[in-house]
Amino acid sequence: MPELPEVETIKLGLQKKIIGLKITKIQILSPKSFQNEKGQPFDYAQGLRGRKVLKVWRRAKILGMDLTRVILSETKDIYSSPSAQNDKGVTLLFHLKMSGQLIYDDGKRFIGGHPTTDMLGKLPNSHTRVIFEFSDNSKLYFNDQRRFGWIKVVKPGEGIPITLGPEPLEKEFTWQILKKNLLKHKNMPVKVAILDQSVVAGVGNIYASEACFNAKLDPRTKVNQLTDKDMKILHRGVLKALRDGIKYGGATRAHFVDSEGKKGYFLDYAKVYWKNGKPCPRDGTEIKKITLGGRGTYLCPNCQS
DNA sequence: CACTTGACCTGTCCGC
DNA sequence: TGCGGACAGGTCAAGT
């Protein structure tokens, strides 16, 4: 799914809702979806009961949730956890991959009929993998049709299990850094190269096509053909694509919904992604779909050269 | 080494 | 209507 703007949208939604709430129960319907730091099923979910949500954050496409140190009197069974000694709190990492959703229900969400939530129907549903219950009886559902996504329980500050480059919305992401990282892949088409999370963290297939369009660059252009000017324009193009994505609440093709279950509208505003056959918004030429690095790629054959 | 393909899963859509 | 194949937002491992 979810690329950076979609995860950012979920983060902003959850920050308003679950900070300070205490977890009372976790139901794991799909053990594969709830893992320890080694990627094996995490068997001690009961040890998370009694913890409060301290912080919700995002790095690239990963959502993090820092939980308090356990309150011993409430959760004796934490001692069955290998990390029980010297408990400094716990962090949950969420990766939604292709089809994951995180939907918060505090009873106000109108399940099953809201114009923007019709697609969800009732929760839990057959794609619900994990359910968090909070002390105010609200719930957080982790749904994931394809089960590529995961929740990992790690120690606070423990490394994210993905090699990540600069965070594009932070100051560290300059055009010079982008150039340096892209040059790791001199002969790769530029669109494929910016999908590498160590080049720039958080760009996925939708925003990679959009970024190339914004920069008026043919996505097939090899990295070593790019001039410094191209690098600067591409840097701006990446930022514009991501910021527009956040502005429109993310992109929904099939699965993405925000933490209230609402779809994102970025695809209505996307310039090329999923627009094959439609006119280019710049010059009216028909948008083409091609395959690059095995992924669908969209471009205007006229103004992206 | 650089790059591509396959695997992980489930669902949908399209052509025969 | 049914069936096979292609394809779908991500990422890592294995293969070329």
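Reckoned from all heavy atoms, side chains included, excluding hydrogens, waters and symmetry mates. Every chain is numbered from 1 and lettered A, B, ... according to where its sequence line falls, protein lines coming before strand lines.
- Residue contacts for G294(A): at a heavy-atom cut-off of 4.0 Å it reaches no nucleic acid atom on any strand shown.
- Distance check on atom P: dG5(C) versus dG6(B) gives 15 Å, rounded to whole Å.
- Between T91(A) and K55(A) the shortest side-chain heavy-atom distance does not fall below 4.5 Å.
- By the criterion of a centre-to-centre distance under 5.5 Å and near-parallel planes under 30°, the ring of F148(A) forms a stack with the base of dC8(B).
- Neither OP1 nor OP2 of dC1(B) sits under 4.0 Å from any side-chain N or O of H185(A).
- One atom, CD of Q35(A), and another, C1' of dC9(B), lie 14 Å apart when rounded to the nearest Å.
- Put simply, CG on L164(A) is 11 Å from C1' on dT11(C), counting in whole angstrom units.
- Side-chain contact between W175(A) and I233(A) is absent, with no heavy atoms from C-beta onward closer than 4.5 Å.
- For the C1' atom pair drawn from dA6(C) and dT5(B), the interatomic distance equals 16 Å after rounding to whole Å.
- Side-chain proximity of I162(A) to dG9(C), dC9(B), dT11(C): nearest is dT11(C).
- K17(A) and S138(A) share no side-chain donor-acceptor pair at under 3.5 Å.
- Rounded to whole angstrom, the span from the CH2 atom of W274(A) across to the C1' atom of dC13(B) amounts to 10 Å.
- One atom, CZ of R147(A), and another, C1' of dG9(C), lie 19 Å apart when rounded to the nearest Å.
- For K186(A) and dA2(B), the NZ to P distance is 7 Å, given to the nearest whole Å.
- Residue K61(A) has a polar side-chain atom (N or O) positioned under 4.0 Å from OP1 or OP2 of dT11(C).
- For the pair H95(A) and dG10(C), the criterion of a side-chain N or O lying under 4.0 Å from OP1 or OP2 is not met.
- Residues K232(A) and D228(A) are not paired through a salt bridge, judged by the lack of any N-O separation under 4.0 Å between the basic side chain and the carboxylate.
- Residue K222(A) places no side-chain N or O under 4.0 Å from the OP1 or OP2 atom of dC3(B).
- For Q145(A) and Q101(A), the side-chain atoms include no donor-acceptor pair closer than 3.5 Å.
- Note on P5(A): nothing from the nucleic acid sits closer than 4.0 angstrom, heavy atoms only.
- In this structure, CD1 on I206(A) lies 11.5 Å from CG on L242(A), to the nearest 0.5 angstrom.
- Here the separation of dC9(B) from dA14(C), taken at their P atoms, is 16 Å to the nearest Å.
- Counting to the nearest Å, the C1' atom of dG10(C) and the CG atom of L63(A) are 16 Å from each other.
- In DNA chain C, consecutive stretches of 3 or more Watson-Crick or G-U wobble pairs with both distances under 3.5 Å are given as paired ranges: B:2-8 with C:10-16, B:10-16 with C:2-8.
- Remark: Y207(A) is not in phosphate contact with dG9(C), judged by side-chain N or O atoms under 4.0 Å from OP1 or OP2.
- Of the candidates dT11(C), dC9(B), dG9(C), the closest approach to any side-chain atom of R146(A) belongs to dC9(B).
- L96(A) has its CG atom 15 Å from the C1' atom of dC9(B), to the nearest Å.
- Between dG11(B), dG10(C), dA2(B), one nucleotide has an atom nearer to the side chain of Q145(A) than all others, and that is dG11(B).
- To the nearest angstrom, P of dG9(C) lies 10 Å from CG of L195(A).
- Using a 4.5 Å heavy-atom cutoff, the side chains of D136(A) and D106(A) are not in contact.
- No side-chain donor from either of E210(A) and Y269(A) sits under 3.5 Å from a side-chain acceptor of the other.
- Q197(A) has a side-chain polar atom (N or O) that falls below the 4.0 Å cut-off from OP1 or OP2 of dT11(C).
- Checking the phosphate oxygens (OP1, OP2) of dG10(C), a side-chain nitrogen or oxygen of R295(A) falls inside 4.0 Å.
- In the model, D218(A) has no side-chain atom that pairs as donor or acceptor with a side-chain atom of S305(A) under 3.5 Å.
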